[in-house]
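The next block holds one structure in the form of structure tokens; read it before the comments.
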Amino acid sequence: MKKSIYILLIAVVLSACDQGFDELNVDPTKPNQVNVQNKLTSTQLYTSGERYENWRANLIYCSTMMQHFATTAGYWSGDKYTWNQGYASSMIDRIYGNAVKTVEDMLVQIDEEGLPEEMKSITRIMRVFIYHRLTDLYGDVPYSEAGKAVIDGILTPKYDAQSEIYADMLKELEEATAALGDGTSGFGAADIMFQGDQGKWRRFGYSMMMRLGFRLIKVDPAASQQWVTKAIAGGVMESNADIAYIQHTPGPEGINRNGNGEVFTADGSMRMSDTFIAVLQDDPRLPILAARRSDNSTATADLKGLPNGLDLNMLEEMTGEENTDLYAEPNRNIITGEDAPMFFQTYAEVEFMLAEAAERWGLAGGDPAPHYNAGVRAAMKMLELYGEAAIIDDADIDTYLAAYPFDPANALEQINTQYWAATFLNEYEAFANWRRSGLPNLTPVNYPGNVTNGTIPRRLTYSTSEQSINKENYDAAVAAQGPDLLTTRVWWDVE
């Protein structure tokens, strides 16, 4: 049901969205308003993302900066810390025009139509997810006035301070989760993430509250502990059945497809980073995630990682190799499909955060080891969402945990390294948690002509168009936050 119901729904939404609001209001052959249920479907798919921003922001920049992928291709700017402004602004360029605009419109429509409070709460949680990705990637962004061009006639929205955005997002999560019960919402099957299950939305909301609470750990440790404590008390994800993800399909519209999968179809240049391959040695996930480019071998001995920060000339000088065919790439038989799932937040991530909460503050039972073990197990078992070929036997997980047990002396590094591994392909989150925790310890590259002085970037940069269309607000944001550079830190990422 989940894989089929929204194909028709999104086709209806896309057809309707092609019409302007004025035309909808005067043409008697068309509905006065697109159904809010269909708008949720559209919002969720656009939040998962199209090929455009997934290629540029998620993969070209974030995945290589986080050393999950590496490539010798020069246009993969993130692998070499070079600056392509259009690539760096791709996520902010796309999300405001579709997901933000639609979710803001939904809130107004829900009020105007007097729809149930639980539908509004779900929409508020979805809205927080959209904005938290934006602000984590860029820092100060339009928030309080965003998506209001039609609603309030605001064509040049101000940029809100990230500190104020975070305060409001956490308030929104606190209020929205409190209003949800355990029944099925009015969104029903149009909710392609949870099929209207209020309990799963509530647990997602509290899990996101814990994620955002941990983001504050460097800038306000006391507030971080307060929000993490509140999230745990509210009730976070309990199993892989609670994972927040979109199960994509091959069509009929492009947005139905997994944006990462569309990139893998179009681009064969990415290889697994040697940093990532090194961490995955003896890990049963390795032959599921990786395969040798030349012959699709998944034998561990054949899975060699490519160093980051090289072009073909540098690779040949270093190794004598003229191409990268002998290196591992993402396993194209399992994880690169256009119908693959796209993960927003997973139970594995939640268990690793619970482990960190136990380690830092004695929360969640006070013992990090059970949560760490549960996180590793969940991260391995969730791969079965890619299909039968990705199923890992419990005995193999037991063997791995016995060989690599939780180490109290190295707790935070071990927990966050596993978090980094579990967020492979959700590179926005991998990048955010690395900036928060500083873990795992990644060795920067120093490619000739890089713009960061050989340091890993701390954010992506704003749109070129903002400098002319919304110049006053753009200038105010840069004055408040700092130069619009890859090296400028966002509010919560203090040194």
* N/O donor-acceptor pair under 3.5 Å between Thr488 side chain and Pro483 backbone -> yes

* With no hydrogens and no angle check, is any side-chain donor or acceptor of Thr135 less than 3.5 Å from a backbone partner on Gln162? ->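 No: the side chain of Thr135 does not pair with the backbone of Gln162.
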
* For Arg257 and Asp339, run salt bridge (Lys or Arg N to Asp or Glu O under 4.0 Å): C-alpha distance rounded to whole Å, both residues' side-chain angles, the deciding distance at 0.1 Å, then the answer. => CA-CA 6 Å; Arg257 302 184 182 99; Asp339 60 349; over 6 Å; no

May I ask you to check whether [X] and [Y] show a side-chain donor-acceptor distance below 3.5 Å?
{"X": "Thr455", "Y": "Asn453", "result": "no"}
{"X": "Trp201", "Y": "Asp191", "result": "yes"}
{"X": "Gln345", "Y": "Tyr245", "result": "no"}
{"X": "Tyr143", "Y": "Asp168", "result": "yes"}
{"X": "Asn308", "Y": "Ser273", "result": "yes"}
{"X": "Asp311", "Y": "Tyr447", "result": "yes"}
{"X": "Asn260", "Y": "Asn58", "result": "yes"}
{"X": "Thr464", "Y": "Gln85", "result": "yes"}
{"X": "Tyr347", "Y": "Glu351", "result": "yes"}
{"X": "Trp492", "Y": "Asp220", "result": "no"}
{"X": "Trp83", "Y": "Ser77", "result": "no"}
{"X": "Thr265", "Y": "Glu338", "result": "yes"}

* To do: Quick one: which residue pairs count as a side chain to side chain donor-acceptor pair (under 3.5 Å) with a foot in residues 60-70, not counting sequence neighbours?
  =>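 Output for this query lists Gln67-Thr275, His68-Trp420, His68-Glu427.
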
Can you tell me how far the [atom1] atom of [X] sits from the [atom2] atom of [Y], to the nearest 0.5 Å?
{"X": "Arg127", "Y": "Ile125", "atom1": "CZ", "atom2": "CD1", "result": "12.5 Å"}
{"X": "Ile60", "Y": "Asp79", "atom1": "CD1", "atom2": "CG", "result": "10.5 Å"}
{"X": "Arg215", "Y": "Lys218", "atom1": "CZ", "atom2": "NZ", "result": "11.5 Å"}
{"X": "Phe264", "Y": "Trp55", "atom1": "CZ", "atom2": "CH2", "result": "11.5 Å"}

Report the residues that fulfil salt bridge (charged side-chain N to carboxylate O under 4.0 Å, His left out) with [X], sequence neighbours left out, ordered by chain and then residue number.
{"X": "Asp398", "value": "Arg377"}
{"X": "Glu53", "value": "none"}
{"X": "Asp283", "value": "Arg285"}
{"X": "Arg436", "value": "Glu356"}

What pairs with [X] under side chain to side chain donor-acceptor pair (under 3.5 Å), at least two apart in sequence or on another chain?
{"X": "Asp160", "answer": "Ser144"}
{"X": "Asp93", "answer": "Ser89, Ser463"}
{"X": "Glu349", "answer": "Arg211, Thr346, Tyr419"}

Side-chain touch [X]/[Y], heavy atoms, less than 4.5 angstrom:
{"X": "Ile255", "Y": "Tyr46", "value": "yes"}
{"X": "Lys171", "Y": "Leu173", "value": "no"}
{"X": "Asn331", "Y": "Thr336", "value": "no"}
{"X": "Thr47", "Y": "Ile95", "value": "no"}
{"X": "Asn256", "Y": "His248", "value": "no"}

* Decide yes or no on side-chain hydrogen bond (donor to acceptor under 3.5 Å, both in side chains) for Tyr75 and Asp267, but give the supporting numbers first. => CA-CA 11 Å; Tyr75 62 92; Asp267 191 339; 2.8 Å; yes

Taking only distance into account, with no hydrogens and no angle test, what donor-acceptor pairs under 3.5 Å do side-chain atoms of residues 401-413 form with protein atoms, sequence neighbours excluded?
{"unit_1": "Tyr404", "atom_1": "OH", "unit_2": "Asp282", "atom_2": "OD2", "d": "2.5"}
{"unit_1": "Asp407", "atom_1": "OD1", "unit_2": "Ala409", "atom_2": "N", "d": "3.1"}
{"unit_1": "Glu413", "atom_1": "OE2", "unit_2": "Asn441", "atom_2": "ND2", "d": "3.3"}

* Asked: Near Glu388 CD, under 6.0 Å, is it more than 12 heavy atoms from other residues, nucleotides or ligands?
  -> no

* To do: Could you walk me through whether Val451 and Tyr81 pass side chain to side chain contact (heavy atoms under 4.5 Å, CB included), step by step?
  => CA-CA 6 Å; Val451 298; Tyr81 313 157; 5.5 Å; no

* Asked: Is Arg94 positioned over the aromatic face of Tyr52, cation under 6.0 angstrom from the ring centre and no more than 45 degrees off axis?
  -> yes

* Is the gap between the ring centers of Tyr462 and Tyr159 under 6.0 Å? -> yes

* Hey, is Asp242 close enough to Lys200 for a salt bridge, meaning N to O under 4.0 Å? ->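 Between Lys200 and Asp242 there is no salt bridge, as every charged N stays at least 4.0 Å from the carboxylate O atoms.
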
* Structure fact -> With sequence neighbours left out, the residues meeting side-chain contact (heavy atoms from CB on, under 4.5 Å) with Arg271 are Arg293, Leu306, Thr324, Asp325, Tyr327, Glu329

* Partner residues of Phe69 under the ring pair (Phe, Tyr, Trp, His ring centres under 6.0 Å) criterion, sequence neighbours left out -> Phe424

* Kindly assign one of parallel, tilted or perpendicular to the pair Tyr96 and Tyr131, based on the angle between their ring planes and the thresholds 30° and 60°. => perpendicular

* Asked: Going by the angle between their ring planes, with limits at 30° and 60°, are Phe129 and His132 parallel, tilted or perpendicular?
  ->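 Aromatic pair Phe129/His132 classed perpendicular.
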
Let me check something: any side-chain donor-acceptor pairs from residues 226-237 under 3.5 Å, sequence neighbours excluded? List them with distances.
{"unit_1": "Thr229", "atom_1": "OG1", "unit_2": "Gln225", "atom_2": "O", "d": "2.7"}
{"unit_1": "Lys230", "atom_1": "NZ", "unit_2": "Glu174", "atom_2": "OE2", "d": "2.9"}

